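Each ligand, and each atom within it, is numbered from 1 in the order the structure gives. Only a predicted model underlies this, so the values are computations on that prediction, with no experimental measurement involved.
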Amino acid sequence: MIVTIDGPAGSGKSTAARKLAARLEFAYLDTGAMYRAIALSVSGSSIDLADADSVLQFAQGLKLEIDCGPTHARISVDGHDVSEAIRSIEVSRLTSEIARHQSVRTHLIALQRKIGSTLANFVTEGRDQGSVVFPDADFRFVLDASVEVRASRRYQEMTADGQDVTIEVVAANIRHRDSIDAKQWEPLLASGSAIVIDTTEITIAGVVDRLSKIVLGE
Ligand code: DC
């Protein structure tokens, strides 16, 4: 069974997807981590992030390994675990830049489908999972929330991780990313295409309850 969860930064989709996968005992695929891992690696090279061909060529040469265990999603590049390093605000900003390149997207989409083909049941999360990558998924969800709530969630996550940021910087980063991130889930907002949940007023635990009840048909 395939469950997709798409939506903007800070909508709660990563936490909801991970917890839903754990509850259902499904694998968990964090596709944002794949884009982030490439951005982190490019940033450590001399390649210009705006140069799509060079970024693609570089990305094709990287060995991305992603552990889809529901409780311990980890990602490594060429054998180095980058699971924590990819979460900084600087990497978030750089990731938006490289995720705009269609050729990079096509490369990662193929990789995501390949990973999916090895998994029996999984929850996959990103921006285009229900619309582009797995349009025939059994359940397709879109999560959204107000900018203020999304910024506050990201701020709490980042400070809990020990990152030195202010809520203003996090909110500005979210607004900036909203303006340039591909909004590939938008076709799913058409009536009947996906189940859309506004998480502004619901806790993540409440969202997970709702998603799991729908998937389990309760
Ligand atoms: O979900 P996230 O914040 O980890 O995503 C990081 C970046 O990657 C964000 O700028 C959007 C991009 N992304 C994407 O374009 N498509 C995906 N399937 C997943 C993430």
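Around atom CD of Q60, more than 12 heavy atoms belonging to other residues, nucleotides or ligands sit under 6.0 Å away. For E201, the CD atom counts as loosely surrounded, since its 6.0 Å shell holds 12 or fewer non-hydrogen atoms of other residues, nucleotides or ligands. Residue-environment remark: CD (Q57) stays at or below the threshold of 12 foreign heavy atoms within 6.0 Å. For D164, the CG atom is loosely surrounded, since the number of other residues' heavy atoms within 6.0 Å does not exceed 12.
Ranking the protein heavy atoms by distance from atom 10 (O) of ligand 1 puts D181 OD1, 2.8 Å first. Looking only at heavy atoms of the protein, atom 15 (O) of ligand 1 is closest to R105 NH1, 2.7 Å. Scanning the protein for heavy atoms near atom 12 (C) of ligand 1, the closest one is A99 CB, 3.9 Å. The nearest protein atom to atom 18 (N) of ligand 1, hydrogens excluded, is given as D128 OD1, 2.9 Å; this is a heavy-atom distance. Shortest contact from atom 19 (C) of ligand 1 to any protein heavy atom: T31 OG1, 3.5 Å. Protein heavy atom nearest atom 3 (O) of ligand 1, with residue, atom name and distance: R177 NH2, 2.8 Å. For atom 1 (O) of ligand 1, the closest non-hydrogen atom on the protein side is R127 NH1, 2.8 Å.
At a threshold of 4.5 Å between non-hydrogen side-chain atoms, the residues L216 and L24 count as touching. Between V91 and S43, the closest side-chain pair of non-hydrogen atoms is not below 4.5 Å.
Comment: D209 engages R23 in a salt bridge, judged by a side-chain N to carboxylate O separation of less than 4.0 angstrom. Between E84 and R87 there is no salt bridge, since no side-chain N of the basic residue sits under 4.0 Å from a carboxylate O of the acidic one.
By the 4.0 Å heavy-atom criterion, R154 is counted among the residues contacting ligand 1. Residue contacts with ligand 1 leave out Q112, since none of its heavy atoms falls under 4.0 Å from the ligand.
Counted by atom type alone, T106 and Q102 present one or more donor-acceptor pairs between their side chains at under 3.5 Å. Residues R36 and S92 have side chains that bring a donor and an acceptor to within less than 3.5 angstrom of each other.
In the hydrophobic clustering (ILVMFWY side chains linked at under 4.5 Å, chained through shared members), L189 is joined by V142, W185, L188, V196.
Note: an N/O pair closer than 3.5 Å links R36 and ligand 1 by distance alone. Residue D30 has no nitrogen or oxygen atom sitting less than 3.5 Å from a nitrogen or oxygen atom of ligand 1, judged on distance alone. Of the N or O atoms in T95, none lie within a sub-3.5 Å distance of an N or O in ligand 1.
Using a 4.0 Å cut-off to heavy atoms of K13, the atoms of ligand 1 that qualify are 1 (O). The contact set between ligand 1 and Q129, taken as ligand atoms under 4.0 Å from a residue heavy atom, comprises 18 (N). Ligand 1 places these atoms under 4.0 Å from at least one heavy atom of G32: 4 (O), 5 (O), 19 (C), 20 (C).
Within the 4.0 Å heavy-atom criterion, neither part of M34 lies near ligand 1. When non-hydrogen atoms are compared, ligand 1 lies under 4.0 Å from the backbone of S96 as well as from its side chain. Using a 4.0 Å cut-off between heavy atoms, Q184 makes no contact with ligand 1 at all.
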